[in-house]
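Take this structure, written in structure tokens, and hold onto it; I'll ask about it next.
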Amino acid sequence: MTPDPTSSPADVASLPRAEFAFPGPLRDRLVAAILDGSKTSTTGLLVDHEHTGEPLPAVGDRSVVVDSYDRPVAVVEVTEVRVVPLARVDLAHVRDEGEGYTGVAEWRAGHERFWHGEEMRAALDDPEFTVDDGTPTVLERFRLVADLRPADG
């Protein structure tokens, strides 16, 4: 069992990091949505886990969310994990990502821009990387456990 993240800074420091997107405006928006409670799900690619050797998240896992400046800002806990083909991502998951998408097609177009972008292709060491309907996605639900921002803002 992961220790209570608010018990000490050392406990928070021992948690794995959760990085949403790459540092910059998109990460800033995603972190803000986590902190305001509108983002309770996220989508990753199985190939990313395979490439980095990171295990898939598991229910109960806790991690520390970092902002674009690599500062810990929150602790989240995984509540559900599903691996499904890209074509089977559902509207409830899309809405719970908190990015304002109202339909799956709109969500997919936005995510494909990200996954086909230079940063993602570089992270995967594959300049030609693309996704299709059968691409395995990792659908993760989580809950905010602790807001780590200083009380004075």
Side-chain angles (χ1 to χ4, degrees), residues 1-3 5 12 14-148:
M1 179 81 166
T2 305
V12 170
S14 71
L15 293 174
R17 295 162 40 102
E19 298 180 53
F20 288 80
F22 297 101
L26 177 57
R27 178 177 291 178
D28 296 341
R29 287 193 307 275
L30 298 178
V31 168
I34 291 166
L35 291 167
D36 74 19
S38 60
K39 181 171 184 62
T40 59
S41 73
T42 193
T43 306
L45 298 174
L46 184 60
V47 68
D48 192 21
H49 288 274
E50 292 169 346
H51 181 73
T52 62
E54 280 187 38
L56 289 178
V59 172
D61 286 354
R62 287 186 175 186
S63 56
V64 61
V65 176
V66 297
D67 66 11
S68 289
Y69 299 99
D70 207 35
R71 296 178 299 214
V73 294
V75 174
V76 294
E77 180 179 81
V78 176
T79 60
E80 180 184 12
V81 179
R82 296 183 291 150
V83 177
V84 302
L86 180 56
R88 292 201 36 228
V89 174
D90 58 90
L91 184 58
H93 180 82
V94 165
R95 287 185 177 147
D96 290 346
E97 279 205 356
E99 296 180 53
Y101 295 116
T102 57
V104 175
E106 176 190 22
W107 168 89
R108 181 167 169 170
H111 280 66
E112 283 189 17
R113 280 190 299 276
F114 175 77
W115 291 326
H116 296 163
E118 276 185 40
E119 289 176 301
M120 188 66 183
R121 287 176 169 171
L124 293 173
D125 296 318
D126 183 352
E128 304 297 319
F129 177 77
T130 59
V131 297
D132 60 30
D133 282 352
T135 301
T137 60
V138 181
L139 308 184
E140 182 179 344
R141 291 189 175 281
F142 56 86
R143 68 181 184 93
L144 179 64
V145 173
D147 184 332
L148 302 177

| remark: Closest non-hydrogen atoms of Ala33 and Gly98, given as atom of the first, atom of the second and distance, are CB-O, 4.0 Å

| Arg27/Asp70 salt bridge by N-O under 4.0 Å criterion | no

| query | With a 4.5 Å heavy-atom cut-off, do Met120 and Leu45 have their side chains touching? | reply | yes

| field | Test item: Thr137 side-chain N/O and Val84 main-chain N/O as donor-acceptor pair under 3.5 Å | value | yes

| task | Indicate yes or no: at least one non-hydrogen side-chain atom of Val73 is less than 4.5 angstrom from one of Asp147. | result | no

| Between His116 and Arg121, is any pair of side-chain heavy atoms under 4.5 Å apart? | yes

| Residue pair Trp115 / Asp48, side-chain heavy-atom distance below 4.5 Å | no

| remark: Of all heavy-atom pairs linking Leu30 and Ala21, the shortest is CD1-CB, 3.9 Å

| Separation of Leu148 CG from Asp67 CG (nearest 0.5 Å) | 11.0 Å

| query | Is the backbone N or O of Ala123 less than 3.5 Å from a side-chain atom of His51, with the two atoms forming a donor-acceptor pair by type? | reply | yes

| query | Can you tell me how far the CG atom of Leu46 sits from the CG atom of Leu86, to the nearest 0.5 Å? | reply | 12.5 Å

| query | At their closest point, which heavy atom of Ala58 faces which heavy atom of Val78, and how far apart are they? | reply | O-CB, 3.3 Å

| Whether Arg141 side chain and Thr79 backbone form a donor-acceptor pair below 3.5 Å | no

| said: If I compare all heavy atoms of Gly103 with all of Leu91, which pair ends up nearest, and what's the gap? | reply: CA-CD1, 4.0 Å

| request: Supply the atom-to-atom distance Glu19 CD to Ser63 OG, rounded to the nearest 0.5 angstrom. | output: 10.5 Å

| task | Decide yes or no for Thr43 and Glu97: does some side-chain heavy atom of the first lie under 4.5 Å from some side-chain heavy atom of the second? | result | yes

| said: Can you confirm whether Pro136 sits close enough to Val47 that some side-chain heavy atom of one is under 4.5 Å from a side-chain heavy atom of the other? | reply: no

| field | Pro57 backbone acceptor or donor facing His49 side chain under 3.5 Å | value | no

| With a 4.5 Å limit on heavy-atom distance, are the side chains of Glu99 and Lys39 in contact? | yes

| query | Which value, rounded to the nearest 0.5 Å, describes the distance between Ile34 atom CD1 and Arg143 atom CZ? | reply | 14.0 Å

| said: Using a 6.0 Å cut-off, check whether atom CZ of Arg82 has over 12 heavy atoms from anything other than its own residue. | reply: yes

| Is there side-chain contact between Asp90 and Arg95, with at least one heavy-atom pair below 4.5 Å? | no

